Amino acid sequence: MLSRLAPAFFARPSATVARELLGTFIVQTEGPTTKIARVVEVEAYLGQQDAASHARRGPTPRAAIMFGPPAHLYVYLVYGMHHCLNVVTESDGVAGAVLIRAAEPVRGFAIADQKERAIWRALAGPGKLCAGLEITRRHNGMNLGDSPLYFANDAEAPPVTQVGVSARIGVAYAGAWAKRKLRFYLRGNPSVSVRPND
DNA sequence: GCCACGATAGTG
DNA sequence: ACTATCGTGGCG
């Protein structure tokens, strides 16, 4: 039985929220069939001090939401074609977010076409995850307390073990911050996007 | 205004 | 290694 995560869950340090989001479920109730996917890979992004974070330049029009209240969605477009799903963390006024990088389809992804089935076998990578869950910029700013797309946990699901920790993906430009171990994933899970050497 | 450059992913 | 494709933000 899935129950929506309370807003207070997100009002904590980004790395803590990131780690604890592993094993939770993304529930997408928009559209004809509810889609559910299990979170297997996340990254924490911090505030202005984090050279890899969109908050690094302060509360610009795009990044301002990262400085606002937690438990809101931050969705943006990268490379002109892929959407990325983030959840705002920390307390109001403190910048932070968690990027959801990959999830494992659980329900609602039945697709007749064999080729498409291969594509959605894993929602591996932030762009594919958003495509598979039909997440676009219209979700930007949604409040997770009452949104049709939300995070939930399952009290009966086995607890997450074997958590891998590594540097974040695609932030090589960020100097020392590129090396920080702020990526968390389920070790050995086939839906994780970049095959770690563990 | 103009322009370089991504928190990507598929293909060769 | 190359590329599709466009919003953001730095700079003038």
Side-chain angles (χ1 to χ4, degrees), chain A residues 10 13-19 21-22 26 37 39-68 70 72-90 94-105 109 111 113-142 144 149 151 164-186 189-196:
Chain A
F10 303 96
S14 298
T16 303
V17 176
R19 164 63 185 80
L21 275 174
L22 289 178
I26 305 172
V39 177
V40 301
E41 180 185 351
V42 295
E43 287 178 358
Y45 284 86
L46 313 188
Q48 303 204 39
Q49 72 277 23
D50 181 357
S53 172
H54 286 173
R56 66 186 180 277
R57 303 183 202 284
T60 61
R62 180 178 64 168
I65 188 164
M66 286 183 68
F67 291 77
H72 286 251
L73 295 179
Y74 170 37
V75 180
Y76 65 90
L77 190 63
V78 268
Y79 300 114
M81 61 196 87
H82 302 290
H83 292 279
C84 288
L85 172 67
N86 297 252
V87 186
V88 177
T89 56
E90 308 279 355
V94 179
V98 172
L99 169 67
I100 313 301
R101 279 195 58 90
E104 189 174 52
F109 292 90
I111 291 165
D113 184 81
Q114 189 63 26
K115 186 180 175 185
E116 284 188 61
R117 183 182 300 277
I119 293 172
W120 305 126
R121 195 187 73 257
L123 301 172
K128 284 172 67 176
L129 183 143
C130 285
L133 289 167
E134 294 166 288
I135 295 166
T136 65
R137 282 156 54 79
R138 67 196 185 77
H139 293 90
N140 193 39
M142 277 188 180
L144 285 171
L149 173 75
F151 289 86
V165 183
S166 79
R168 295 169 290 184
I169 306 298
V171 297
Y173 61 85
W177 283 89
K179 299 186 171 68
R180 294 285 295 269
K181 303 271 193 287
L182 291 170
R183 173 175 177 249
F184 305 89
Y185 57 92
L186 296 189
N189 188 290
S191 294
V192 169
S193 69
V194 176
R195 288 277 181 270

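Values below: every heavy atom of this structure, side chains too, minus hydrogens, waters and symmetry copies. All chains are named by letter (A, B, ...) in the order of the sequence lines, taking the proteins before the strands, and each is independently numbered beginning at 1. All values derive from a computational prediction rather than experimental measurement.
- Within the structure, a side-chain polar atom (N or O) of A:Arg57 is placed less than 4.0 Å from OP1 or OP2 of C:dG10.
- The distance from atom OH of A:Tyr185 to atom P of B:dA7 is 21 Å, rounded to the nearest whole Å.
- Computed from coordinates, the A:Leu77 CG to B:dC5 P distance equals 18 Å when rounded to whole Å.
- Taking atom CZ of A:Arg137 as the reference point, atom C1' of C:dC6 lies 10 Å away to the nearest angstrom.
- Atom name C1', nucleotides C:dG7 and B:dG10: the rounded distance is 22 Å, in whole Å.
- Atom CG in A:Leu46 sits roughly 15 Å away from atom P in B:dA7 (whole-Å rounding).
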Its dot-bracket string being built from Watson-Crick and G-U pairs below 3.5 Å, with | for another strand and [ ] for crossing, DNA chain C has the pattern ||||.||||||.

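- Across B:dC5 and C:dC2, the matching P atoms stand 16 Å from one another, rounded to whole Å.
- Taking atom NZ of residue A:Lys179 and atom C1' of nucleotide B:dA7, one finds them 17 Å apart after rounding to whole Å.
- Between A:Arg101 and B:dT8, a side-chain N or O to OP1/OP2 separation shorter than 4.0 Å is present.
- Interface residues of residues 58-67 of chain A facing DNA chain C, ordered by number: A:Thr60, A:Pro61, A:Arg62; criterion, heavy-atom separation under 4.0 Å.
- Seen from the ring of A:Tyr45, A:Arg168 counts as a face-on cation partner, given the 6.0 Å and 45° thresholds.
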Scan nucleotides 3-5 of chain C against the protein and return all N/O pairs shorter than 3.5 Å with their distances rounded to 0.1 Å.
| unit_1 | atom_1 | unit_2 | atom_2 | d |
| --- | --- | --- | --- | --- |
| C:dT5 | O2 | A:Tyr79 | O | 2.6 |

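- One atom, CD1 of A:Ile169, and another, P of B:dG6, lie 16 Å apart when rounded to the nearest Å.
- The CG atom of A:Leu99 sits 11 Å away from the C1' atom of B:dT8 (whole-angstrom rounding).
- Taking atom CG on A:Asn140 and atom P on B:dA7, their separation rounds to 16 Å, with Å as the unit.
- Between the side-chain ring of A:Tyr76 and the base of C:dG7, no stacking contact exists by the 5.5 Å and 30° definition.
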